[in-house]
Amino acid sequence: MASPNALTPQSEDFPRWYQDVVAKAEMADNGPVRGTMVIRPYGYAIWERIQSEIDARIKRTGAQNAYFPLFIPESYLSKEAEHVEGFSPELAVVTHAGGEKLAEPIVVRPTSETVIGEFMAKWIQSYRDLPLLLNQWANVVRWELRPRLFLRSSEFLWQEGHTAHATLEDARAYATRIQVEVYNAFLEEVLAVPTYIGIKPPSERFAGAINTLTCEGMMRDGKALQMATSHELGQNFARAFDILYQSEGGASELCYTTSWGASTRLVGGLIMAHGDDQGLIVPPALAPIQAVVIGVRDEPEVNEACEHVRAQLEDAGVRVVLDAGRGSFGRRVTDWEIKGVPLRVDVGPRDLKEGVVSVTRRDTSAKISWPVAGVGGEASSLLASMQRDLFERARVWRDSHTTEVGSLAQAIEAAQNGFAKLPWSLVGPSDEAALKDQALTVRCLQRADGTIPTSDLEEDLVCLVAKSY
RNA sequence: CGGGCUGUAGCGCAGCUUGGUAGCGCGCUGCGUUCGGGACGCAGAGGUCCCGGGUUCAAAUCCCGGCAGCCCGACCA
């Protein structure tokens, strides 16, 4: 018996499919204020896994966590001209507090370069204080006209790193290291999403940056998603906030700063990069629940066996839950499929008679039978290979949705469904406007060998054009 | 901010033309039978019909005025 679709099929209406998944996998709800988001326990569990994986990688680069305030004096924003211009349309501003009109309005942080810059200026005296490597996990507010759960909400959660360095080279090396060793490594190893890693064209740069690095992923509908960015801020913020240090020679020098962030948008990326018509598919390395043990019948022997299997999986280091009894078998299967749990372990009377369990992997629906005694080891190795298979599947998807072209017209055609790759020299400023008319943007610039350029002015760069979120 | 549409149970909707006891599906509660791919029976709970005004013996329904939301066109992690 084929079960009817619990979700709108992707091919019928992808945005609708996305909303269905978010709702039925119990990931999030809309908040009462338009554009706000309530993250439900299952969605938050996924976010916590993202957090811990990224946090560990950030700490490996030497940065330390700290916390800066939600409220920022409006005057701070104005100190960096491009920065304020870039963010003004999205700001939420507090004009009244404590029952009175405020003398100076307070901005709810859209990002924290300004406050953190102010304190860096205070804390940095000498070249011995550099580099200063900070990170914070926080919420930020950017007022959105077209909100979508996880992908674009007026308030969202993220980490934002902020660093100060003595030299341009050091700052650049660090921003690059974050992009490669933290973001791209996380995306490939944990989220199983292959990316194109490169720099943004000047038109797409962060407000106030001299260079923005990005990882661009390909979703199942052929649209690109910016997964994480890091910015070289040059001396722009150092100049605005007097972030100065005394060099070995005794001279007063301006620092070079960086900032970098990854947000709850990654949850949206997870959904759209791997999901299918049955729902979410969560890569094992990320999954808060890697396996679910389902009792086919609510009988004492079955329940006992389920608990035994669950304990074995747990002992093998598998994040596992037991689902016995509640509701019909088919219903429970569907519910866990929508949530994207990698492995389903069915335990029923037929299996018990043979001393086995029936295992179904979420990504391929392939069914396997394992002797009960070997469940722990089998699960661990299957989860590991599923992780590789998911990445490989996503890589094939991305590659098959990347077309090398030789003209802007061909790029517009090819980018209707995926990335169009063409020489950056073929795209002039007026061409970017032409792309925009087609709802297309230059997602990133790369060297011909796929490595990250240090500037958009390098020779022989290629660019990737796509529709995007 | 311009154009199109919608506000009725938690969700999705019908009812409105032609005014007269507020309905359907899903979900929810209880009991029982079920359980190897979204089970079924019986019994229930749940409503300021977006708000305000008007017409009328009587308004979810007709009229006027608000408000809110959705979709499409200018910004963005």
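Letters go in sequence order (proteins before strands), and every chain restarts at 1.
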Under-3.5 Å donor-acceptor pair between A/S328 side chain and B/G37 base: no
Aro-ring/base stack A/W158-B/A77, d under 5.5 Å, angle under 30°: no
Pairwise P distance, B/C1 and B/G66 [rounded to whole Å]: 14 Å
Give each protein N/O atom lying under 3.5 Å from an N/O atom of nucleotides 73-75 of chain B, with the pair distance.
from	atom 1	to	atom 2	distance (Å)
B/C75	OP1	A/K436	NZ	3.2

Atom pair distance, as rounded to whole Å: NE2 in A/H231 and P in B/C76: 13 Å
Please list, one pair per line, the donor and acceptor atoms closer than 3.5 Å that link side chains of residues 208-227 of chain A to other protein atoms, with sequence neighbours excluded.
from	atom 1	to	atom 2	distance (Å)
A/N211	ND2	A/E232	OE2	3.1
A/N211	ND2	A/T454	O	3.3
A/T212	OG1	A/F206	N	3.1
A/T212	OG1	A/H231	ND1	2.9
A/T214	OG1	A/E216	OE2	2.8
A/E216	OE1	A/R443	NE	3.0
A/E216	OE1	A/R443	NH2	3.4
A/E216	OE2	A/K200	NZ	2.8
A/D221	OD1	A/K223	N	3.2
A/D221	OD2	A/Y469	OH	2.5
A/Q226	OE1	A/K200	NZ	3.1

Whole angstrom value for the distance that separates C1' of B/C11 from CD of A/E26: 14 Å
Touch class at under 4.0 angstrom, heavy-atom based, for A/S153 against every strand present: base
Backbone N/O of A/E304 and side chain of A/H308: donor-acceptor pair under 3.5 Å: no
Touch class at under 4.0 angstrom, heavy-atom based, for A/R344 against every strand present: base
Protein-nucleotide distance (A/Q136, atom CD; B/A77, atom C1'), rounded to Å: 15 Å
Distance, rounded to the nearest Å, where A/R16 contributes CZ and B/C11 contributes P: 15 Å
G-U wobble or Watson-Crick pairing nucleotide for B/C42 (cut-off 3.5 Å, both distances): B/G30
Touch class at under 4.0 angstrom, heavy-atom based, for A/R331 against every strand present: base
A/R361 (side chain) donor-acceptor with A/A366 (main chain) under 3.5 angstrom: no
Sugar-phosphate only, base, or nothing, as touched by A/T111 at under 4.0 Å among non-hydrogen atoms: nothing
Spacing of OG1 belonging to A/T111 relative to CD1 belonging to A/I72, to within rounding of 0.5 Å: 7.5 Å
Identity of whatever pairs with B/C70 - Watson-Crick or G-U, under 3.5 angstrom: B/G4
Distance flag, aromatic centroids of A/Y174 and A/H165, threshold under 6.0 Å: yes
Spacing of the P atoms in B/U17 and B/A59 (rounded, Å): 14 Å
Nearest-nucleotide 5' precedence on RNA chain B, A/G330 against A/S203: A/G330
Main-chain N/O of A/L77 paired to A/E113 side chain as donor or acceptor, under 3.5 Å: no
Atom-pair distance (CG on A/L191; C1' on B/A77), nearest Å: 15 Å
Separation of B/A77 C1' from A/L213 CG (nearest whole Å): 15 Å
B/A14 and B/G30, which share atom name C1', separated by this distance in whole Å: 29 Å
Strand-adjacent residues in residues 300-312 of chain A, judged by heavy atoms under 4.0 Å from RNA chain B: none
B/C40 versus B/C26 - spacing of their C1' atoms, nearest Å: 16 Å
Touch class at under 4.0 angstrom, heavy-atom based, for A/G348 against every strand present: base
Under-4.0 Å side-chain N/O to phosphate OP1/OP2 contact, A/R265 with B/A77: no
A/E432 side chain to A/S203 backbone, donor-acceptor under 3.5 Å: no
G-U wobble or Watson-Crick pairing nucleotide for B/G37 (cut-off 3.5 Å, both distances): none
Sugar-phosphate, base or nothing in reach of A/L151, heavy atoms under 4.0 Å: base
Distance, rounded to the nearest Å, where A/K367 contributes NZ and B/G37 contributes P: 8 Å
A/D431 and A/K436 ion-paired at < 4.0 Å: no
Between B/G7 and B/U48 - C1' atom distance, rounded Å: 15 Å
Nearest-Å distance once atom P is located in both B/U55 and B/C63: 15 Å
Pairing of A/K339 and A/D335 as salt bridge, 4.0 angstrom limit: no
Flag, side chain of A/R398 to backbone of A/T195, donor-acceptor distance under 3.5 Å: yes
Derivation and outcome, ring-ring contact (aromatic ring centres under 6.0 Å, His included), residues A/H83 and A/F237: CA-CA 9 Å; A/H83 191 65; A/F237 285 85; 4.9 Å; yes
Nearest-angstrom distance from the residue atom CZ of A/F14 to C1' of B/C71: 19 Å
Inter-nucleotide C1' distance (B/U61, B/U21), Å rounded: 15 Å
Separation of the P atoms in B/G27 and B/C11, to the nearest angstrom: 16 Å
Sidechain N-carboxylate O distance under 4.0 Å for A/D55, A/K59: yes
